[in-house]
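Lettering of chains follows the sequences in order, A, B, ..., and the numbering in each one begins at 1.
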There are 2 protein chains.
Amino acid sequence: MAAVDRSLVANLSMFAGLSPPEQDELLREARSVRYIKGSAVFDQGTQADRFFLLLHGHLRVEKTTPQGQQTVVRYVSAGELFGVAQAMNMTHYPATSVAAVDSIALAWPSSSWRRLIVKYPTLAASALQTVGSRLQDTQARVIEISNEQVEQRVAHALLRLAKQAGKKVDAGVEIDFPISRQDIAEMTGTTLHTVSRILSAWESEGLVEGGRQRIVLRDAHRLHGLAEGDEAIQVRRRGPQAAASSILGRKTSASTECSAHASAIE
Amino acid sequence: MAAVDRSLVANLSMFAGLSPPEQDELLREARSVRYIKGSAVFDQGTQADRFFLLLHGHLRVEKTTPQGQQTVVRYVSAGELFGVAQAMNMTHYPATSVAAVDSIALAWPSSSWRRLIVKYPTLAASALQTVGSRLQDTQARVIEISNEQVEQRVAHALLRLAKQAGKKVDAGVEIDFPISRQDIAEMTGTTLHTVSRILSAWESEGLVEGGRQRIVLRDAHRLHGLAEGDEAIQVRRRGPQAAASSILGRKTSASTECSAHASAIE
DNA sequence: CGGAGAATTTGCGCAGGAGCAAAGAGAGCT
DNA sequence: AGCTCTCTTTGCTCCTGCGCAAATTCTCCG
């Protein structure tokens, strides 16, 4: 089968520590697979027989409880390793991965994992880092859901999405794949109704611009303020909160700058 | 410094794949440290210069937001690896670890990590598994907080604690370390008031038995029912809401697995 | 043994959001 | 074009659980 060109992956952290010949060898063991929008790369609960590296596109990873409640665990962007269940000694995939847009991934047989990490310790380190940062993100999410109001959580979610998959457009920054209010609700632990209401309110404030499965951030700075609970920016609430400056030295830096296009990986 | 006896750790998964001499060598690089109840093993934000293996005791791992809100991330029990920030390429500890009871841990310099995993691939695999299951737990928690009522979440938390650190006593199963309502509130994303109310209600139902920083599960079975939202067991609520949970997840169209056509990236 | 601080219990009122219902708006298909 | 299906918007009501406050009890310590 035609080999994947090394240049496509050489600058990914996973391949960083390897020599070109090693990279080629690793690639030779992989298959490239294409997934059309809406199709599942793998389903929660099925045998974890492969692990993947997303080359192009975006995936939505979701978990469903036995009671049928769905939650969006995260979105995968190009360059990320995913489906590494086997590496964590799990025999089955703990979640479902669905292509949010047409996507392409490299797939290795899970059975090779053990052999590969012995041969390429970089791989283990890379996986560990991937899983580690994923753990940090998830913990951050727990804290958010525990301590913040819905409005703040939605703001955080949008900012994170923009950072991870934001595309600059004239109106601001657009999330680079179709995403519904329902999806956002499942990411923030609320209902699509509430998300819709919030986005509507924000839209009339000029903070965002919505559309069907489409969101554009027009004022990332104010959104950031909202996310941090900055009273001064609060949109809807109107309590007699004595405009206490509450400076607190929180930096106002517009770190919400967004990477133009998919070369994620950070 | 007194050497740690190999027999203390030989049966931990981390040491499972190693020969006795290798185990000894690994142990020789570690220091054994004692922490009295209430003292911190490391603080959030400080340089991650060591990683640990808990030999004895229990630790509470907590994160504090810049705004001062605390959350209990998890509890560490004997035999677990922790503080492996360095392994995930983080230079600082993302959380604080406090001894819930007098505890003993083995500590290795973070700087050795890289060398050690190359020499003992088992170590990397073990760490990966540890972090992986931690990720699963955290994700499960997100789903819980998102979809369950406070009462269910508290029930889940107690059951998990009992499973991880339960000690059989005549009255039932007791959590083996001091834990306050506040702690439970921080684990479940609620307030100590609510937790107190719930536990009081449960106590008068004979489900649990409380005390100062002390909790005994008297009827784990019924608690489990509560945790799963079993209407029949519900203590307080009584609405006849027909369990018509329409389980209509999102349909995922057939996965068009057009195999390997390597001309990746259209 | 008494005092002080920490942890816990409880009452009360309010409101943030969830539930429910239904109409409106796009997008894709035939 | 026309139709249908999915996504989105919005109004209204009700309830869970948070916020606030104060009383109570248990432990540790001098």
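- Look at B:Arg181 and you won't find any side-chain N or O under 4.0 angstrom from OP1 or OP2 of C:dA7.
- Side chains of A:His156 and A:Glu228: a donor on one and an acceptor on the other come within 3.5 Å.
- A salt bridge is absent between B:Arg74 and B:Glu62: the closest approach of a Lys/Arg side-chain nitrogen to an acidic carboxylate oxygen does not fall below 4.0 angstrom.
- For the pair B:Glu209 and B:Arg218, the salt-bridge criterion is met [side-chain N within less than 4.0 Å of a carboxylate O].
- Atom CD of B:Gln152 is separated from atom P of D:dT16 by 13 Å (rounded to the nearest Å).
- Note: CD1 (A:Ile145) to P (C:dG17) measures 13 Å, nearest angstrom.
- Among the atoms of the strands shown, only primed sugar atoms or phosphate atoms (P, OP1, OP2) are found under 4.0 Å from some heavy atom of B:Ser180.
- OP1 or OP2 of C:dG17 has not a single side-chain nitrogen or oxygen of A:Thr190 nearer than 4.0 Å.
- Remark: of the listed residues A:Val61, A:Leu54, A:Asp43, A:Val61 is the sole one forming a side-chain contact (heavy atoms from CB on, under 4.5 Å) with A:Ser97.
- The base of D:dG11 sits with one of its N or O atoms less than 3.5 Å from a complementary donor or acceptor on the side chain of A:Arg197.
- Between A:Thr194 and C:dG17 there is no side-chain polar atom (N or O) within less than 4.0 angstrom of OP1 or OP2.
- If you take CD of A:Glu203 and P of D:dT9, they are 7 Å apart, rounded to a whole angstrom.
- Taking atom CD on A:Gln69 and atom P on C:dG19, their separation rounds to 9 Å, with Å as the unit.
- In this structure, the CD1 atom of A:Ile215 is 16 Å from the P atom of C:dG26, given to the nearest Å.
- Summarising the geometry, the separation between CD1 on A:Ile198 and P on C:dG17 is reported as 7 Å, rounded to the nearest angstrom.
- The separation between B:Gln149 atom CD and C:dA18 atom C1' is 10 Å, rounded to whole Å.
- Contact check for B:Leu106 versus B:Phe52: no side-chain heavy atoms found under the 4.5 Å cut-off.
- Between the side chain of A:Arg212 and the base of D:dT6, at least one donor-acceptor pair of N or O atoms lies under 3.5 Å.
- You won't find any donor-acceptor pair under 3.5 Å spanning the side chain of B:His193 and the base of C:dT8, going by distance alone.
- At D:dC18, one or more side-chain N or O atoms of B:Thr191 fall inside 4.0 Å of OP1 or OP2 (strictly under the cut-off).
- Here B:Ser196 does not reach the OP1 or OP2 of C:dA7: none of its side-chain N or O atoms lies under 4.0 Å away.
- Taking atom CG of residue A:Asp183 and atom P of nucleotide D:dT6, one finds them 15 Å apart after rounding to whole Å.
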